[in-house]
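The chains referred to below are lettered A, B, ... by the order of the sequence lines, with proteins before strands, and numbering in each begins at 1. Just so it is clear, the model here is predicted, and its values are computed rather than measured.
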Amino acid sequence: MKQLKLLTKNSKSEKVSVWGRSSVKAWSSIADLSYVGTKGAVFGLAVTAGLMMTGCESEPQGISPQQFTDALHKVMESDRAVYTKQVVNRLAKEEKVIKASEHFMDEKALPLPAQMFRFGAEMVAGKTDDFSYSLQSLWPINKQNAPVTEVEKTGLKFIADNPGQNYYSEEELGGQKYFTAVYPDIAVAPVCASCHNEHKDTPRTDFKIGDVMGGVVIRVPVGS
Amino acid sequence: MKWLSWGLISILLGVFWGWSLFTKEQNARYLIGETTDGHHQIELACESCHLEPFGGAELIQEACTNCHGAELARADDSHPKSKFTDPRNAARIEVLDARYCVTCHIEHRNEETHEMGVTLPEDFCFYCHEDIGEDRPTHKNVPFSDCLTSGCHNYHDNRALYEDFLVKHADQAAIGLDPHQPMRNLLEQVVAEKGAVRPLTLNEADKPQTLHVGSEVMDDWLQTSHAAAGVNCSGCHQSSGSTWVDKPGLESCQSCHQQEAETFLQGKHGMRLAGSGDLPLSPMTPAMGRLPFKTDALETELTCTTCHGAHRFDTWKAAVESCLGCHNDEHSRNYPDSPHATLRELEHQGLADPGTGVSCATCHMPRLESAGLGGEAIQVMHNQNDNLRPNEKMIRSVCMDCHGFPFSLDALADPELIRNNFKGQPAAHVESIDWATGRREE
């Protein structure tokens with residue numbers, strides 16, 4: 001996979017620009033993501049990258065779009081697993097004290113893991129254009145979560161056919177070039193598979209724990 | 001000489017158009033077309049929508065959300081802007097830029113305005129939901145122009161229209177077991193906030209000694225919840241400090257009735273008085289309105305006391321008689337003969353429980369749980385537009401207080417029933433519930 005080295009560097013370290021944007025802004029975007037107490041991981045990344053940037057003055061350095069999306073994905077994946085296991089699976093499936101429902105307001109229930117994920121993505125979108133992300137699938141309950149762009153279609157198929165691998169590519173959308181990464185979204189808890197298999201709108205009913213159920217697509221604008 | 005007169009004419013024209021631009025009442029000369037029914041009240045306050053001259057799309061969008069954002073959020077908007085900002089939607093946005101309100105709702109084109117009160121493309125659902133027939137065989141031959149007009153869907157507010165809601169309430173009877181509207185509880189809220197309140201007596205009235213007030217005024221005050229809740233003359237007439245005001249207005253009322261004032265200023269009755277942009281203008285009058293109004297009420301200016309009356313603040317009167325003092329359309333005129341009005345009469349005579357009567361306000365200015373406020377407050381939504389159109393917005397906030405869901409859905413889809421003010425049974429039938437339950441049984 002081609003490594004995108006898009007970082008340009010001036011002699012002064014604080015003027016480093018990541019993808020043509022100010023680095024400070026990129027860091028604050030990462031920080032936006034840090035809900036459910038996973039600030040630590042991102043902070044570590046920021047510090048490491050910051051050290052990399054200040055460390056050597058002469059050579060152009062920094063984090064590549066792929067490192068950036070990989071790191072973001074680790075945060076997303078962990079938050080998602082924690083919410084599903086510690087909240088939904090435990091309370092809805094094991095202890096049966098509350099349901100998880102698409103209509104969580106009306107039903108006074110827990111939001112679905114996919115909704116938690118989307119609400120976060122929407123909140124991030126309201127704060128920054130530096131990256132965007134979504135949860136999709138080739139077997140979507142919500143048809144709006146089906147792949148739309150060619151890269152999404154190829155990527156989702158690739159991660160379903162090659163378990164354990166991610167897919168990286170570039171695409172142009174609305175006149176802007178993007179680095180697009182697709183990460184497998186895996187049934188990490190029994191409730192992932194059971195809820196999908198039993199849903200009235202699901203096109204697939206044989207998910208089991210460990211299966212790739214869909215993918216997380218992260219996009220970063222590149223070039224000018 | 002020729003040059004001099006040309007110069008003079010140019011200067012005069014410049015002065016004239018400049019004066020037109022900077023004098024609010026003269027702004028009409030700059031209107032590029034008739035404004036919609038929802039905005040004509042404030043059309044002379046250009047900056048309410050055009051926040052800055054040359055502001056561009058983003059600023060217009062900001063103006064839309066300034067007034068309508070909270071309402072959309074409360075309605076759990078099904079298509080918020082955030083659904084469309086993701087770059088994956090770039091191709092869709094090229095066809096229909098759903099990030100901006102004005103893509104569908106264009107102003108200054110009243111002749112193209114839909115019965116919903118806004119301009120609306122007919123079949124825009126198609127662009128994203130083209131293949132809906134594959135998932136929903138029932139939808140296969142339904143034209144896309146019917147999605148929103150059939151009583152089935154709404155682009156923004158689907159709180160009473162989503163599939164699981166239809167299924168859940170499919171079996172409800174036409175009338176519920178305990179039909180009544182919720183009771184207001186402002187006094188309870190005040191007590192909760194301030195501790196006990198002590199009712200006032202005539203001797204305690206703190207109006208200036210020199211001011212002579214008729215006994216009628218004092219009686220009115222004594223009978224209201226104001227006196228009962230310890231609100232003295234000065235509470236309204238001197239609310240903002242030391243000077244006595246003979247005719248206190250909105251500012252005075254809103255020091256206690258904050259939510260009521262806020263929502264009044266959002267609705268068609270009060271929007272001219274809102275304080276944003278170029279506003280306020282003079283109060284709204286029926287003469288400025290576009291609905292049929294009683295001729296003797298045309299010049300009535302709309303403020304709090306227009307409907308509530310000073311000193312007596314009669315909410316019973318404000319809920320029907322005040323409305324009918326101005327409104328003169330068929331639906332309004334048919335109210336006194338309606339089953340809803342009969343229920344109200346029974347309540348009035350003490351023959352039915354409080355809250356079982358149905359007034360104009362019951363449906364159009366409903367009592368809502370914490371409308372804009374936190375906690376357990378039940379207050380009157382004074383924005384009459386909040387649940388007006390599309391009328392399915394009323395189903396949960398109003399109809400279902402008393403009626404079952406299927407009946408409500410059908411009744412609201414029957415224009416004749418609305419015209420005669422719900423005298424009879426719905427002749428229309430919205431198929432969505434049958435379709436949803438049918439799919440469940442498959």
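Heavy atoms of Asp135(B) lying under 4.5 Å from chain A belong exclusively to its side chain. Using a 4.5 Å cut-off between heavy atoms, Glu171(A) makes no contact with chain B at all. Contact of Glu107(A) with chain B is made through the side chain alone, with heavy-atom distances under 4.5 Å.
Between Phe124(B) and Tyr155(B), the ring centre distance stays below 6.0 Å. Aromatic rings from Phe405(B) and Phe165(B) are positioned such that their centres are separated by under 6.0 Å.
Gln136(A) and Arg88(B) form a side-chain donor-acceptor contact under 3.5 Å, judged by distance and modelled atom types alone. Between the side chains of Tyr162(B) and Asp106(A), at least one donor N or O sits under 3.5 Å from an acceptor N or O.
Residue Asp401(B) comes nearest to Pro182(B) through the heavy atom pair OD2-CD, 3.5 Å, listed as atom of the first residue, atom of the second, then distance.
Among residues 183-205 of chain A, the residues having any heavy atom closer than 4.5 Å to a heavy atom of chain B are, in sequence order, Lys200(A), Asp201(A).
Partner Tyr100(B) forms a side-chain hydrogen bond (donor to acceptor under 3.5 Å, both in side chains) with one of Lys81(B), His105(B), Glu58(B) and no other, that one being Glu58(B).
Under a cut-off of 6.0 angstrom, the local environment of NZ in Lys208(A) is sparse, with at most 12 non-hydrogen atoms contributed by other residues, nucleotides or ligands.
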